[in-house]
Amino acid sequence: TGPVAIANKTFYIRNVASKRNLNVYGNDTVANERDVTIYDKENCKAQKWIAKQTNAGAKLFTTINESFALNIHTTDNKCTMYTARGNDNDSVLRFESTGKANTYRIVVNSHNKYLAAESTANNAAVIWKTGTNGNTEWQFMTETDFENELKALEEQEKAEKKAKIETFMRNTMQRLF
């Protein structure tokens, strides 16, 4: 089952290691066996997800077309999209808390494999793998979360610039006197 905190809400799902979002490959297009990648944040349906509880269990649906859910392509363990209805064995998920806010390891239940980015590169493939080492932590983020993060980074940059100016001024004054 999925955590109540994320149920029936729209999120970007960001890979913690890469800071890139879970993304349906292509231009807001979805079809059976469409690849899933990680990609820099864009305001598009390909990066927006909804966790829903179905009769079979929790699934992650794309906002491109909510009849498609994350899926394990069993021949090569790639993460793909597939019609959710009738595909419970390969798309029912569980969410393991990492102890960090809205951050989970996503497991395809019947295969006991973890969602992972193959690398931290932009457009890297997303796979299902055994074990939690590597890029297996995913943070569920709202648009507001991203805005708050951006504001915090801007404030940090301002503080760093101010500190550099103050250091420069102090050093200049010491040399003059």
Side-chain angles (χ1 to χ4, degrees), residues 2-30 34-52 58 60-66 69-70 78-81 93-107 114-129 131-177:
V4 173
I6 62 172
N8 299 312
K9 297 175 187 161
T10 302
F11 289 95
Y12 293 91
I13 302 175
R14 182 166 75 175
N15 181 265
V16 172
S18 69
K19 299 212 181 298
R20 291 190 164 96
N21 292 337
L22 195 63
N23 178 74
V24 178
Y25 183 79
N27 296 327
D28 280 346
T29 305
V30 67
R34 169 80 69 186
D35 287 341
V36 176
T37 62
I38 55 171
Y39 205 81
D40 290 335
K41 183 189 177 291
E42 293 181 349
N43 186 17
C44 62
K45 289 183 175 187
Q47 292 188 4
K48 295 177 183 175
W49 303 87
I50 301 172
K52 292 184 182 179
L60 277 174
F61 293 86
T62 176
T63 61
I64 297 169
N65 179 337
E66 291 181 33
L70 277 186
K78 285 174 64 176
C79 181
T80 61
M81 299 304 300
L93 308 173
R94 73 176 183 270
F95 300 84
E96 296 179 354
S97 176
T98 63
K100 300 172 199 157
N102 284 337
T103 304
Y104 304 92
R105 288 192 176 91
I106 302 169
V107 184
Y114 291 82
L115 189 66
E118 276 197 318
S119 78
T120 58
N122 206 29
N123 216 26
V126 176
I127 60 170
W128 298 96
K129 64 181 232 169
T132 60
N133 59 325
N135 305 325
T136 60
E137 291 187 7
W138 301 89
Q139 185 176 18
F140 286 64
M141 298 184 70
T142 64
E143 194 66 48
T144 302
D145 293 333
F146 277 106
E147 290 168 5
N148 291 341
E149 187 175 81
L150 184 60
K151 286 177 187 173
L153 285 172
E154 288 170 352
E155 290 299 318
Q156 181 180 348
E157 287 175 3
K158 284 180 187 176
E160 289 171 359
K161 283 180 183 178
K162 182 180 177 187
K164 284 180 183 178
I165 291 169
E166 289 172 350
T167 300
F168 173 77
M169 294 299 290
R170 192 171 34 257
N171 290 342
T172 302
M173 295 301 281
Q174 287 175 349
R175 278 190 229 127
L176 290 174
F177 297 104

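Just so you know, residue 1 is the first one in the sequence shown, and it goes up from there.
- In this structure, a donor-acceptor pair under 3.5 Å is present between the side chains of Asn21 and Gln47.
- In terms of heavy atoms, Trp128 sits closest to Ile106 at CZ3-O, 3.6 Å.
- Residues passing the side chain to side chain donor-acceptor pair (under 3.5 Å) test with Asn123, sequence neighbours excluded: Thr37.
- Under a 3.5 Å cut-off, the side chain of Asn23 and the backbone N or O of Ile38 do not form any donor-acceptor pair.
- Taken to the nearest 0.5 Å, the OG1 atom of Thr63 stands 13.0 Å off from the CZ atom of Phe11.
- Expressed to the nearest 0.5 Å, how far NZ of Lys9 lies from CD1 of Ile6 amounts to 9.0 Å.
- Note that CG of Asn122 is 4.0 Å distant from CG of Asp40, once rounded to the nearest 0.5 Å.
- We find that Glu154 and Lys151 are not joined by a salt bridge, their nearest charged nitrogen and carboxylate oxygen being 4.0 Å or further apart.
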Before giving the answer on side chain to side chain contact (heavy atoms under 4.5 Å, CB included), spell out for Phe61 and Val30 the whole-Å C-alpha distance, their side-chain angles and the decisive distance to 0.1 Å. CA-CA 11 Å; Phe61 293 86; Val30 67; over 6 Å; no

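- Counting non-hydrogen atoms of neighbouring residues, nucleotides and ligands closer than 6.0 angstrom, the CG atom of Asn27 reaches no more than 12 such neighbours.
- Residues Met81 and Thr62 share a closest heavy-atom pair of CE-CG2, 3.6 Å.
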Would Tyr104 and Thr98 satisfy side chain to side chain contact (heavy atoms under 4.5 Å, CB included), going step by step from the backbone distance to the final call? CA-CA 5 Å; Tyr104 304 92; Thr98 63; 5.5 Å; no

Walk me through it: do Tyr25 and Val36 pass the test side chain to side chain contact (heavy atoms under 4.5 Å, CB included)? CA-CA 5 Å; Tyr25 183 79; Val36 176; over 6 Å; no

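- Using modelled atom types, one finds a donor on one side chain and an acceptor on the other under 3.5 Å when comparing Tyr12 with Asn43.
- A distance of 10.5 Å separates CD1 in Ile127 from OG1 in Thr136, rounded to the nearest 0.5 Å.
- Between Asp35 and Lys78, the closest heavy-atom pair is OD1-NZ, 3.0 Å.
- Here the closest non-hydrogen pair linking Ala117 and Asn15 is CB-ND2, 3.9 Å.
- Salt bridge annotation for Glu143-Lys48: absent, with no cationic side-chain nitrogen under 4.0 angstrom from a carboxylate oxygen.
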Run the numbers on Met141 and Lys41 for side chain to side chain contact (heavy atoms under 4.5 Å, CB included), then give the verdict. CA-CA 11 Å; Met141 298 184 70; Lys41 183 189 177 291; over 6 Å; no

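- Every residue was checked against the ring-ring contact (aromatic ring centres under 6.0 Å, His included) condition with Tyr114, not counting sequence neighbours, and none meets it.
- Interatomic distance, OG1 of Thr172 versus CD of Gln174, reported as 9.0 Å (0.5 Å rounding).
- Going from atom CZ of Arg14 over to atom CD of Gln139 covers 5.0 Å, rounded to the nearest 0.5 Å.
- Residues Val126 and Leu115 are in side-chain contact: their nearest non-hydrogen atoms beyond the backbone lie under 4.5 Å apart.
- The heavy-atom pair separating Ile64 from Ala46 by the smallest distance is CD1-CA, 3.7 Å.
- With hydrogens and angles disregarded, a donor-acceptor distance shorter than 3.5 Å links the side chain of Thr103 to the backbone of Ala101.
- Of all heavy-atom pairs between Arg34 and Gly26, the closest is NH1-CA, 4.4 Å.
- The closest donor-acceptor contact from the side chain of Trp49 to the backbone of Leu22 lies under 3.5 Å.
- With sequence neighbours excluded, the residues that form a side chain to side chain donor-acceptor pair (under 3.5 Å) with Lys100 are Glu137.
- Classification of Glu96 and Arg94 as a salt-bridged pair holds, one side-chain N sitting under 4.0 Å from a carboxylate O.
- Look at Asp28 and Lys45 and you find no salt bridge, because none of the NZ, NE, NH1 or NH2 atoms lies under 4.0 Å from a carboxylate O.
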